[in-house]
A.B. asks: 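One structure coming up, written as C-alpha cells, with questions to follow.
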There are 2 protein chains.
Amino acid sequence: MARSTRPTIADVARAAGVSRGAVSFALNGRPGVSDRTRARILRVADEMSWQPDHRARAMRVQRAQAVGLVLHRSVDTIADDPFFASLIAGVEQVVSRHAWSLVLDVVADDDEERATYERLARERRVDGVVVSDVRVDDPRIGHLVALGLPAVTLQRPTTPSPFPAVRVDDDRGMRAAVRHLLDLGHRRIAHVAGPAWLEHGLRRRRAVEAELAAAGLAPHAVVESDFTAAAGARATAQLLDLAEPPTAVVHAGDPMAVAGLGVAHARGVRLPEDLSVTGFDDVELAGHVHPPLTTVRTDSRAWGAGAATALVDLLARRAGGDDALGGEEHDVHLPPPELVVRGSTAPPGAAAT
Amino acid sequence: MARSTRPTIADVARAAGVSRGAVSFALNGRPGVSDRTRARILRVADEMSWQPDHRARAMRVQRAQAVGLVLHRSVDTIADDPFFASLIAGVEQVVSRHAWSLVLDVVADDDEERATYERLARERRVDGVVVSDVRVDDPRIGHLVALGLPAVTLQRPTTPSPFPAVRVDDDRGMRAAVRHLLDLGHRRIAHVAGPAWLEHGLRRRRAVEAELAAAGLAPHAVVESDFTAAAGARATAQLLDLAEPPTAVVHAGDPMAVAGLGVAHARGVRLPEDLSVTGFDDVELAGHVHPPLTTVRTDSRAWGAGAATALVDLLARRAGGDDALGGEEHDVHLPPPELVVRGSTAPPGAAAT
DNA sequence: TTGTACGCGTTATCAC
DNA sequence: GTGATAACGCGTACAA
C-alpha cells in the first residue's frame with residue numbers, strides 16, 4: 001500500500017529535469033515547451049504513472065469536472081422503474097467520455113432535495129446538474145438559479161426556465177397508442193395516468209385526452225397512479241370493477257401495464273380479447289410477458305446522453321466566458337417515440353367475432 | 001448569477017472579525033474558540049450562506065469524501081436488472097448520511113474498467129470503491145491492491161482478498177426454492193443459471209445442485225443464461241423443447257423467470273399445473289405477474305447500504321492511522337434471503353389430480 | 001486566538 | 001519560442 005509514494009508534479013519535474021510549470025504545459029498540450037522536452041516529460045510521467053491530482057487541478061481551474069444527478073423518488077420506485085437506470089447509464093456514457101464524473105444523490109423528500117442541491121453548489125462538488133422528473137411549477141428551477149448552479153432539464157418545465165431542456169415528443173407516442181386502439185374499434189378507452197404533479201404524467205394524460213377528443217370521445221375513465229406496479233394493479237382492479245368496464249386501457253408506464261395484465265389474468269379476463277392494454281417505455285420485459293405488451297418505445301438512455309451533452313456544452317460555453325445559461329435556443333430535440341404493436345391489443349371482443 | 005460573490009472563509013472571518021483559523025475551528029467543532037465566538041462565527045457563516053469548498057478541504061485533508069461504484073455490464077443489462085438501482089440506492093443512502101458523495105461509472109469492457117479504477121485512484125476522485133458483481137478469479141482485487149485503493153466487495157471472492165466483504169447467504173434462498181419444489185413432489189427440476197464466471201451465478205447454481213444432490217437427484221437440465229429477460233425466454237424455450245421437459249424451473253433471477261412464464265404461457269403450457277417456476281430477488285413486478293411469482297426475496301438495498309457502511313468504516317480506520325485493509329474479520333453478514341411462495345409453483349400435474 | 005506554511009497543480013510574468 | 005519563477009486558489013494545521 002504505497003500510499004506515501006504517490007508522485008506529485010514536483011517529482012515528475014525533478015525526474016525530468018524541468019520546472020513544474022513545464023510539466024503542466026506538456027501535460028495539457030499547450031505551447032511553451034519544445035516537442036522533444038514535451039515527449040520526455042510525458043514519458044517520465046508515464047513511467048512514474050503520475051496523473052494530476054484532480055482536486056488540486058479543480059481548485060485551481062475552479063471546475064469540478066463533474067455533473068450531479070439528484071433523484072427524488074422513494075428508494076423503492078427507483079429500483080422498480082427501469083427508467084432511472086437507463087437515464088443514469090446515458091448520462092454516464094457521455095460524462096465518462098469527457099473524463100468527467102457523475103455524482104449521484106437519491107433524496108427522499110423536498111427538504112433533503114433542497115439541501116442536497118445547496119450542498120452540491122456550495123461545496124462545489126459539481127459544475128452543473130441534470131434535472132429529471134420535472135414537476136408542474138417546479139420549484140427547483142428558481143432554486144438552482146439562485147444557487148448559480150447551471151442545469152439542464154428533461155423536458156421543458158411548464159414555468160419559464162432559463163436552462164436548456166432535452167425535449168422529446170412524448171405526446172406523439174401516447175397519441176399513437178390511443179389512435180391504434182381507436183383504429184381497432186375501441187370506444188371505451190381508460191387511462192392509468194402518472195401523478196398529475198409530474199410534468200410527464202400530466203403531459204401524457206393530456207395527450208390521451210387530446211387524441212380521444214379528436215375522435216369525439218372522452219376517456220372512459222382516468223385513474224391517477226404513481227408508475228409503480230402495485231399502483232398499476234390497483235388501478236386496473238378499479239377499472240374492471242366499474243359497472244361498465246373499459247375495453248382498453250392505456251398506461252403511462254410499462255410496470256403499471258404489466259401489473260394490469262396480471263390482474264386481468266387473475267380475474268379470468270381474456271387478453272387481449274376482453275381487454276386491450278398498452279404501456280409506455282418498452283422495458284425489456286415488455287416483450288416477454290404474455291401477451292407481449294403493445295407499448296411505446298422510448299430511449300431513456302438517449303435522454304440521459306442528450307442531457308449530459310447539453311450540460312457539458314453549456315458548461316463549456318460558460319468556461320469560455322459566456323455567462324448566459326442557454327435557454328430555449330439550446331434545447332435538444334430527440335426523435336419522438338414510436339408505437340410497438342404486440343399481442344396485448346386487439347379489436348374489442350375479438351374472440352366473439 | 002452571482003458567481004463572483006461566492007464567499008470564502010476569508011470573507012466570513014472578516015465579517016465576524018476573527019481569523020480564518022478561528023472560522024475553521026468553529027465550523028469543525030473543535031476547541032480553540034470560545035463558545036460565544038463560535039456561535040457568532042456560525043451565525044455569520046450561515047447568513048452569508050457559506051460552506052467550505054469541498055475541493056480545498058479535500059486537498060488539505062487528503063480525502064475525497066467520496067466513494068466510487070464502477071458497474072461493469074452492458075448498458076442494457078443495467079437498465080433491465082432492478083438489482084443495480086437498488087444497490088445504488090442503498091449505497092447512496094449511507095453515503096449521503098455522511099455528507100459524502102457517490103461517484104458512479106458504467107464501463108463496457110475490461111480495459112475501460114481498469115482505466116476507470118486507475119483514474120479514480122490517480123486523480124483521487126474517491127477514497128474507496130464498492131466492488132459488485134464479483135467474478136470468479138476476479139482480477140480487480142489485485143488491481144485495486146496495486147493501486148492502493150481501498151475497497152469492499154459484495155460477497156467474498158473465490159480468490160484471497162484483503163478487503164472486507166458484505167456477505168449474504170444466497171445459497172440458503174436458492175436451496176429453499178429447490179426444497180419447496182421437492183416438497184411439492186417435483187423430480188424433474190431444471191435450472192436457468194446466471195453466467196458461470198460471476199461469483200453469484202456460480203454460487204446459486206452450486207446451491208441448486210447441492211440441494212438436489214441431498215435428495216439423491218441431479219438437475220434435470222441446466223441452461224446458462226445472463227440474467228436478462230431475453231436470455232431467460234430463450235432458456236425456457238429450450239427446456240420446453242426437450243423430449244422430456246422439466247416440471248419445474250428454478251431461475252437465478254426474476255427477469256428471467258418472468259420471461260419464462262411468458263414463453264410457457266405463449267405455448268399453452270398451463271401455469272402452474274404443467275410447469276412450476278421460481279425466481280430470485282423478488283422485484284416489485286414479481287408479485288404482479290400471472291401467476292404471481294414464487295421467488296426468493298433479497299434486499300439489494302441493504303446490500304448496498306452494508307457495503308457503503310463497511311467502506312466508510314474501513315476508511316475511518318485508515319484515516320485514524322490504521323493502514324490495514326480489514327480483511328475477513330471485518331466482513332459484514334446480512335440476514336439470509338427468504339422464500340416467498342406465490343402462485344407460480346404447485347405440485348406437478350396439479351390439475352390432473 | 002492569530003499568523004502562516006502547506007497541499008498540488010495552473011498560469012501570469014519574466015529572462016534568455 | 002523555451003523555460004524558470006512565483007503567485008494563486010481555499011481551507012487546515014501547527015507554531016507562536
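Just so it is clear: chains get the letters A, B, ... in the order the sequence lines come, proteins before strands, and each one is counted from 1. These numbers come from the heavy atoms of this one structure, side chains and all, not from hydrogens, waters or symmetry mates.
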A.B. asks: Assign A:Arg63 to base, sugar-phosphate, or nothing according to its heavy-atom contacts below 4.0 angstrom with the strands shown.
C.D. replies: nothing

A.B. asks: Is any NZ, NE, NH1 or NH2 atom of the basic residue among B:Asp138 and B:Arg140 found under 4.0 Å from an Asp or Glu carboxylate oxygen of the other?
C.D. replies: yes

A.B. asks: Starting at the 5' end of DNA chain C, which residue's closest nucleotide do you reach first, B:Val18 or A:Arg57?
C.D. replies: B:Val18

A.B. asks: Please report the end-to-end axis angle for the helix from C:dT1-D:dA16 to C:dC16-D:dG1, five pairs per end, rounded to 10 degrees.
C.D. replies: 50°

A.B. asks: Checking A:Glu92 against A:Arg97 for the salt bridge (charged side-chain N to carboxylate O under 4.0 Å, His left out) test, could you report, in this order, the C-alpha distance in whole Å, the side-chain angles of both residues, the deciding distance, and whether it holds?
C.D. replies: CA-CA 8 Å; A:Glu92 228 297 303; A:Arg97 194 177 307 141; over 6 Å; no

A.B. asks: Below 4.0 angstrom, which residues in residues 27-40 of chain A have at least one non-hydrogen atom near DNA chain D?
C.D. replies: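 Within residues 27-40 of chain A, the residues near DNA chain D are A:Gly32, A:Val33, A:Ser34, A:Thr37.
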
A.B. asks: Taking A:Glu199 first and then A:Arg135, would you say they form a salt bridge - that is, a charged N and a carboxylate O separated by under 4.0 Å?
C.D. replies: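 Looking at A:Glu199 and A:Arg135, the cut-off is not met.
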
A.B. asks: What are the 5'-most and 3'-most nucleotides of DNA chain D lying under 4.0 Å from any heavy atom of chain A?
C.D. replies: D:dT2 to D:dC10

A.B. asks: Please enumerate all residues that pass side-chain hydrogen bond (donor to acceptor under 3.5 Å, both in side chains) together with B:Arg57, with sequence neighbours excluded.
C.D. replies: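 So B:Arg57 forms a side-chain hydrogen bond (donor to acceptor under 3.5 Å, both in side chains) with B:Asn28.
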
A.B. asks: Return the 5'-most residue of the pair B:Met59, B:Ser24 with respect to DNA chain D, ranking by each residue's nearest nucleotide.
C.D. replies: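 Its nearest nucleotide being more 5', the pick is B:Met59.
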
A.B. asks: For A:Val23, answer base if it contacts any base atom (sugar-phosphate contacts may also be present), sugar-phosphate if it contacts only those atoms, and nothing otherwise; contact means non-hydrogen atoms under 4.0 Å.
C.D. replies: nothing

A.B. asks: Per the atom types in the model, does the base of C:dT2 pair as donor or acceptor with the side chain of B:Arg20 at under 3.5 Å?
C.D. replies: no

A.B. asks: Going by heavy atoms closer than 4.0 Å, what residues in residues 45-56 of chain A are next to DNA chain D?
C.D. replies: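 Hits under 4.0 Å, by residue number: A:Ala56.
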
A.B. asks: With respect to the phosphate group of C:dC8, does any side-chain polar atom (N or O) of B:Gln62 fall under 4.0 Å of OP1 or OP2?
C.D. replies: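 So the side chain of B:Gln62 is within the cut-off, an N or O lying under 4.0 Å from OP1 or OP2 of C:dC8.
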
A.B. asks: Please classify the nucleic acid contact of A:Thr8 as base, sugar-phosphate, or nothing, using heavy-atom distances under 4.0 Å.
C.D. replies: sugar-phosphate

A.B. asks: Sequence neighbours left out, what passes salt bridge (charged side-chain N to carboxylate O under 4.0 Å, His left out) with B:Asp133? Give chain and number order.
C.D. replies: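 Salt bridge (charged side-chain N to carboxylate O under 4.0 Å, His left out) check on B:Asp133 returns B:Arg73.
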
A.B. asks: Can B:Arg14 and B:Asp11 be counted as an ion pair, charged N to O under 4.0 angstrom?
C.D. replies: yes

A.B. asks: State whether A:Asp127 and A:Arg63 are salt-bridged, where the test is any N-O pair (Lys NZ or Arg NE/NH1/NH2 against Asp/Glu carboxylate O) under 4.0 Å.
C.D. replies: no

